[in-house]
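Working notes for the structure below.
Throughout, a chain's letter reflects where its sequence line sits, starting with A, and its residues are numbered from 1.
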Protein chains: 2
Amino acid sequence: MATAIIKNRKQQIHHTAKNLFRERGYAATSMRHIAGELGIEAASLYSHIKSKEEILQLICFELAEQFLKSSDELQRKKLPAKDLFKQAVTAHIRIITQNMDSSVVFLHEWRHLSEPFLSDFKLMRKRYENFYKNILKAGAEEKKFQIRDEKLTLFVIFSAMNGIYEWFTPKGKLQPEEIAEQMVEVFLNGILKY
Amino acid sequence: MATAIIKNRKQQIHHTAKNLFRERGYAATSMRHIAGELGIEAASLYSHIKSKEEILQLICFELAEQFLKSSDELQRKKLPAKDLFKQAVTAHIRIITQNMDSSVVFLHEWRHLSEPFLSDFKLMRKRYENFYKNILKAGAEEKKFQIRDEKLTLFVIFSAMNGIYEWFTPKGKLQPEEIAEQMVEVFLNGILKY
DNA sequence: CATCCTAACTAACGGTCGTTAGGCAAATAT
DNA sequence: ATATTTGCCTAACGACCGTTAGTTAGGATG
C-alpha cells in the first residue's frame with residue numbers, strides 16, 4: 001500500500017508544532033507561526049484542533065504513556081537488577097531517540113500545561129522515576145550496586161539519558177542501541193582504566 | 001559594615017528577572033510581570049535597564065564568563081588529567097549550585113538571544129566544551145581513562161552536572177562539595193560493586 | 001441534480017506585548 | 001535656597017497574541 005507518508009492535516013499540524021515547540025519553545029511559538037509553516041491561516045488550524053494547549057497536552061502525555069508502558073512491561077519480566085537496569089536504559093534511550101522533537105518538548109515545556117493536566121503530568125513522571133529508583137534499590141539489596149546517595153545517582157542517570165537530544169543526530173555514527181550500551185557501561189563501570 | 005543585602009534597583013530587577021525567567025521561561029515572562037514583582041510599573045523598569053533582552057544577555061554572558069575564567073585558571077595549573085578532571089567538575093558544580101537561577105536561564109534560554117550575541121554565546125560554550133574534551137583526551141593519552149566515544153562521554157558528564165538544578169536544594173543534606181565528590185566517583189568508577 | 005461536509009478563507013474580538021514620551025515629586029548637589 | 005538628578009508615574013504606540021464567527025468553494029454522497 002505504501003501510504004504512511006501522506007498524513008492528514010491534524011497529524012501535519014501536530015508534527016509541525018512539535019518541531020516549532022522544540023526549536024523556539026512553546027511560549028515563543030504562535031499559532032500564526034504553525035499555520036505559516038503549513039501555508040494556511042492561523043484561524044484555519046481550529047478546523048482540526050481545539051486549542052494551542054491541546055497540542056502540548058497531546059505531546060506530553062503521549063510520551064509519558066510510552067515511558068510508563070515500557071516500564072510496566074519491563075517490570076513484569078522479573079529480571080535481576082543489573083539486567084533490568086540495562087534494559088530500562090536501553091528502552092528509555094530508544095524512546096528518546098525515536099521521538100526527538102517530542103522528547104525535548106516533553107522535557108522542557110510541560111510546565112506550560114494548565115491544571116489539572118500539570119498535576120497529572122507530574123504524577124506520571126514521579127511514577128516513572130520510582131520505577132528507576134526501585135531498580136537502584138533492588139541492585140543495592142542484591143549487593144550488585146554500590147550507591148552512596150540514591151537521589152544523586154538517579155538524577156545522574158536521568159540527566160545523562162535525557163540530555164541525549166543535545167548531541168544526538170539520527171544520521172551520526174552512534175545509533176540508539178550503541179548509545180544505550182555505552183551509557184550503561186559508563187554508569188556501571190565509569191571511565192577509569194585500572 | 002553588613003550591607004550587601006540592600007541592593008540597588010538595577011540589581012533588584014536582574015535578581016527578579018533571573019527568578020522569573022527560570023520559573024516561567026524568558027518568552028513567557030513579561031516586563032509587567034517583573035515590574036509587578038517589584039511593586040512598580042513596567043515602564044519604570046526602563047529607567048534602569050535598556051531592554052528585556054539586555055537582561056537575558058547579562059545573565060547568559062555573566063555565567064559564561066565564570067565558567068571560562070574557572071577553566072582558564074585550572075588549565076594554568078598543569079595537573080595530571082585525573083586531578084584536573086576532579087577539580088574541573090568540582091568548579092563547575094560550585095558555579096551551578098551558587099547560581100541556580102542564572103544557571104537554568106543560561107542552560108535553556110540562551111536561544112532567545114539575538115545576533116550577534118547568539119553566535120558569541122555559542123562560541124564561548126564551544127570553548128568551554130573543548131576544555132573538557134581536552135581533559136578526556138589527555139586522560140586517554142595518559143592511559144588513565146578508557147573512552148569509547150568521546151562525544152558521548154563528554155555529554156554524559158555535562159548533562160549530569162547541568163541537570164543538578166532538577167533536584168538540588170541549598171538546604172538539602174548534600175552540599176556542593178559532596179555532590180562534586182560523589183559525581184566524580186560515579187564518572188570514574190560507576191555504580192557497580194565488584 | 002440537490003444536499004451535505006470539509007477545509008479553507010476573511011474579519012474581527014479583547015487582550016497582552018515591549019517600549020517610548022512626557023510629566024511630576026522627592027532626593028541630592030551646588 | 002536653588003538647580004539638577006533620580007525614580008517613578010500615566011498614557012499611549014503599533015504589533016502580535018489565541019481564538020471565534022461567519023462564509024465560501026469544492027468534493028463526496030444521496
Side-chain angles (χ1 to χ4, degrees), chain A residues 3 5-61 105 108-118, chain B residues 3 5-61 105 108-118:
Chain A
T3 57
I5 288 173
I6 293 162
K7 298 192 278 194
N8 68 27
R9 256 296 140 86
K10 192 166 183 173
Q11 289 174 310
Q12 282 179 29
I13 293 168
H14 278 102
H15 181 81
T16 305
K18 277 175 196 172
N19 207 258
L20 289 175
F21 288 174
R22 177 199 176 162
E23 224 91 302
R24 338 176 113 252
Y26 176 75
T29 302
S30 71
M31 297 305 275
R32 284 164 179 85
H33 223 113
I34 298 170
E37 203 79 2
L38 294 165
I40 61 174
E41 292 298 315
S44 305
L45 295 171
Y46 290 83
S47 301
H48 307 277
I49 57 145
K50 269 172 55 192
S51 67
K52 186 185 179 188
E53 203 197 305
E54 190 205 38
I55 304 177
L56 180 63
Q57 287 163 16
L58 206 108
I59 297 172
C60 290
F61 286 97
V105 177
H108 296 302
E109 307 298 332
W110 57 265
R111 59 178 161 179
H112 295 108
L113 291 169
S114 62
E115 293 293 357
F117 306 99
L118 185 60
Chain B
T3 56
I5 289 174
I6 293 162
K7 297 192 278 194
N8 68 28
R9 252 307 143 77
K10 193 167 183 173
Q11 288 173 311
Q12 282 179 30
I13 292 169
H14 278 102
H15 181 81
T16 304
K18 277 175 198 174
N19 208 260
L20 289 175
F21 288 175
R22 177 200 176 161
E23 223 92 305
R24 336 175 116 252
Y26 175 76
T29 302
S30 71
M31 298 304 277
R32 284 163 179 85
H33 224 112
I34 299 170
E37 204 78 3
L38 294 165
I40 61 177
E41 294 297 315
S44 306
L45 295 170
Y46 289 83
S47 302
H48 306 277
I49 57 144
K50 267 172 55 193
S51 67
K52 187 187 178 187
E53 203 196 304
E54 190 204 40
I55 305 177
L56 181 62
Q57 287 163 18
L58 207 108
I59 296 172
C60 290
F61 285 98
V105 177
H108 296 303
E109 308 297 332
W110 57 266
R111 61 180 160 176
H112 295 108
L113 291 170
S114 62
E115 294 293 357
F117 305 100
L118 184 61

- prompt: Looking at residues at least two apart in the chain, or sitting in another chain, which of them share a side chain to side chain donor-acceptor pair (under 3.5 Å) with B:H108?
  reply: B:Y165
- request: Would you mind telling me which of A:I55, A:T16, A:I40 makes a side-chain contact (heavy atoms from CB on, under 4.5 Å) with A:L45?
  value: A:I40
Atom pairs, N/O to N/O, protein against nucleotides 12-17 of chain D, distance under 3.5 Å?
| from | atom 1 | to | atom 2 | distance (Å) |
| --- | --- | --- | --- | --- |
| D:dC17 | OP1 | A:S30 | OG | 3.2 |

message: With a 4.0 Å limit, can you tell me whether B:H48 has a side-chain N or O closer than that to the phosphate oxygens OP1/OP2 of D:dC8?
response: yes
Side-chain heavy-atom pair [X], [Y] within 4.5 angstrom cut-off:
X	Y	value
B:L113	B:Y26	no
B:T29	B:E109	no
A:N8	A:Q11	yes
B:L118	B:E115	yes

Take atom [atom1] of [X] and atom [atom2] of [N], then tell me their distance rounded to the nearest Å.
X	N	atom1	atom2	answer
A:E41	D:dT24	CD	C1'	15 Å
A:I34	D:dG18	CD1	P	8 Å
A:Q57	D:dG18	CD	P	15 Å
B:R9	D:dG7	CZ	P	9 Å

- request: Please figure out whether B:Y46 or A:I40 has its closest DNA chain C nucleotide nearer the 5' end.
  value: A:I40
message: Under the criterion side chain to side chain contact (heavy atoms under 4.5 Å, CB included), I'd like the reasoning laid out for B:L56 against B:F117: C-alpha separation, chi angles, the key distance, then a yes or no.
response: CA-CA 10 Å; B:L56 181 62; B:F117 305 100; over 6 Å; no
- line: Nearest-nucleotide check on DNA chain D, B:S44 vs A:K50; residue mapping nearer the 5' end is B:S44
Pairs flagged by salt bridge (charged side-chain N to carboxylate O under 4.0 Å, His left out) wherever residues 16-28 of chain A is involved - sequence neighbours left out: A:K18-A:E62, A:R22-A:D101
query: If you look only at pairs with a residue in residues 45-58 of chain B, which of them pass as a salt bridge (charged side-chain N to carboxylate O under 4.0 Å, His left out), with sequence neighbours excluded?
result: none
query: If pairs are Watson-Crick or G-U with both distances under 3.5 Å, what is the dot-bracket string of DNA chain D, marking crossing pairs with [ ] and pairs to another strand with |?
result: ||||||||||||||||||||||||||||||
field: Nearest-0.5 Å distance, CG of residue B:L38 to NE2 of residue B:H33
entry: 11.5 Å
- request: Tell me, with the steps shown, if B:M31 and B:I34 meet side chain to side chain contact (heavy atoms under 4.5 Å, CB included).
  value: CA-CA 5 Å; B:M31 298 304 277; B:I34 299 170; 4.3 Å; yes
statement: Contact span of DNA chain C against chain A, any nucleotide atom under 4.0 Å from a heavy atom, 5' to 3', runs C:dA7 to C:dA12
